[in-house]
> 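Below is one structure. I have some questions about it.
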Amino acid sequence: MTDRRPTVVLVQNSPHSGPGRLPDWLEADGASAVVVQGADLVEQVPSLADGGAAAPDGVAGLVLLGGGLLPDEDERAPWLPHERALVAEALDAGVPVLGICLGGQVLAHVTGGTVTGRSGETEKGLCPVRLLDDAADDALLGPLGQLAVGGEVRMVESHVDSITGLPPQAVHLATSDACGVQAFRVGEVAWGLQFHPEAAPERIGTWDADELAALGFDRDELLAAALERAPENDTQARALAAAFAAVVHRCERETRPRHAEDRGQNSAHNVSGVR
């Protein structure tokens with residue numbers, strides 16, 4: 001039997017919220033990273049078991065990227081119902097999920113949490129994220145413990161919406177003074193993050209200066225502060241990506257069928273009604 005690189009599908013919900021550093025990191029950690037635009041999601045990934053053009057042998061990991069949307073704004077993003085359905089399928093099948101910003105809010109929405117638009121928990125720039133006690137033995141955030149400074153890591157943040165109520169079965173993993181829910185886990189292998197590990201601090205220099213000013217932020221100040229701690233962020237975000245890749249590999253070995261035909265028989269799940 002030959003080893004096969006598991007496919008991680010990254011769903012891009014907005015042209016302004018790309019995958020950043022994640023594809024290269026996932027590839028370096030032995031996974032095949034495939035970026036799928038939201039508008040193409042239904043066609044390219046009809047289900048996780050039948051990954052279609054994106055993953056002919058099935059999807060071994062699902063990453064939901066950010067975007068200036070709420071998780072149920074279907075009129076603005078017609079692919080969101082299918083994205084939510086894929087999340088529900090992943091939860092049912094034990095496929096690892098990493099939701100980032102909007103993606104984390106989608107996971108919260110699907111699992112019974114509350115997401116509030118313009119919640120007042122606005123964050124911009126490279127911000128402190130405080131790890132909570134339950135993060136210590138968490139498969140995704142546990143490796144960050146030794147890299148935290150004073151119990152905090154530094155991650156890029158860019159949001160005006162936020163998760164204001166955790167899903168009933170969620171484990172709260174990280175918080176901050178500015179935003180209560182920075183990270184949570186549902187089940188064993190599904191995580192929602194408010195912050196952006198895929199985004200390098202340098203990216204702040206490309207943000208719209210006028211939009212930031214309207215929110216009370218100065219882009220040059222945000223960028224200068226972020227660059228001072230960029231090496232710290234790079235190390236911490238890289239460790240998080242490696243931890244997710246490790247979870248994908250573990251789940252692939254332990255619970256996922258080896259062949260495409262087995263996936264089709266064992267993992268199909270009808271979640272068309274999920275919102």
> Take a 6.0 Å sphere around CD of E27 and say whether it holds more than 12 heavy atoms from other residues, nucleotides or ligands.
yes
> Give a yes or no on whether a salt bridge exists between R84 and D72, defined as a side-chain N under 4.0 angstrom from a carboxylate O.
no
> Do Q37 and Q12 have side-chain N/O donor and acceptor atoms under 3.5 Å apart?
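Side-chain D/A pair, Q37 to Q12: present.
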> State which residues pass side-chain contact (heavy atoms from CB on, under 4.5 Å) with D208; sequence neighbours excluded, sorted by chain then number.
D210, E211
> Pairs under 3.5 angstrom only: tabulate donor-acceptor contacts from the side chains of residues 138-148 to other protein residues two or more places apart or in another chain.
unit_1 : atom_1 : unit_2 : atom_2 : d
D138   : OD1    : R185   : NH1    : 2.6
D138   : OD1    : W191   : NE1    : 3.1
D138   : OD2    : L140   : N      : 3.0
D138   : OD2    : L141   : N      : 2.9
D138   : OD2    : W191   : NE1    : 3.0

> A side-chain contact here means heavy atoms from C-beta on lying under 4.5 Å apart; do V11 and L62 qualify?
yes
> Quick check: is L91 connected to V171 through a chain of hydrophobic side chains (ILVMFWY, heavy atoms under 4.5 Å apart)?
no
> State whether a side-chain donor-acceptor pair under 3.5 Å links W79 with D74.
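On atom types as modelled, these side chains do not qualify, holding no pair under 3.5 Å.
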> Using a strict cut-off of less than 4.0 Å between a Lys/Arg side-chain nitrogen and an Asp/Glu carboxylate oxygen, indicate whether D57 and R5 qualify as a salt bridge.
no
> Answer yes or no: are there more than 12 heavy-atom neighbours, outside E188 itself, under 6.0 Å from its atom CD?
no
> What residues form a side-chain contact (heavy atoms from CB on, under 4.5 Å) with T175, not counting sequence neighbours?
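Per chain and number, T175 pairs via side-chain contact (heavy atoms from CB on, under 4.5 Å) with R130, L132, H172.
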> Tell me whether L227 shares a hydrophobic cluster with V156, the cluster being built from Ile, Leu, Val, Met, Phe, Trp, Tyr side chains joined at under 4.5 Å.
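Same cluster: L227 reaches V156 through Ile, Leu, Val, Met, Phe, Trp or Tyr contacts under 4.5 Å.
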> Report, as yes or no, whether the 6.0 Å neighbourhood of atom CD on E73 holds more than 12 heavy atoms from other residues, nucleotides or ligands.
yes
> Between H196 and E157, do the side chains contain an N or O donor and an N or O acceptor separated by less than 3.5 Å?
no
> For T122 and F217, what are the C-alpha separation, side-chain angles and deciding distance, and is it a side chain to side chain contact (heavy atoms under 4.5 Å, CB included)?
CA-CA 11 Å; T122 300; F217 298 96; 4.1 Å; yes
> Taking L107 as the starting point, is it possible to reach V129 by hopping between hydrophobic residues whose side chains are less than 4.5 Å apart?
no
> To the nearest 0.5 Å, how far apart are CD in Q105 and CG in L70?
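Spacing of CD (Q105) from CG (L70) equals 7.0 Å.
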> Taking a hydrophobic cluster as the set of Ile, Leu, Val, Met, Phe, Trp and Tyr residues connected by side-chain heavy atoms closer than 4.5 Å, whether directly or through intermediates, do V45 and L98 fall within one such cluster?
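Result: no, two separate clusters.
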> Of all the heavy-atom pairs spanning V9 and A55, show the shortest one and how long it is.
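Looking at all heavy atoms of both residues, the shortest contact is CG2-CB, 4.5 Å.
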> Is D134 reaching over with its side chain to a backbone N or O of L173, donor-acceptor style, under 3.5 angstrom?
no
> For residues V189 and V95: do they belong to one hydrophobic cluster (side chain heavy atoms under 4.5 Å, members Ile, Leu, Val, Met, Phe, Trp, Tyr)?
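As far as the 4.5 Å side-chain criterion goes, V95 and V189 are not connected within one cluster.
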> Out of the candidates D218, L222, D220, only one should pair with L212 under the side-chain contact (heavy atoms from CB on, under 4.5 Å) rule; please name it.
L222
> Is there a donor in the side chain of T164 and an acceptor in the side chain of S119, or the other way round, less than 3.5 Å apart?
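No, because no side-chain N or O of T164 sits under 3.5 Å from a partner of the opposite role on S119.
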> Just by modelled atom types, is the G180 backbone N or O under 3.5 Å from a matching donor or acceptor in the E121 side chain?
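Yes; judged by distance alone, with no hydrogens or angles, the pair exists.
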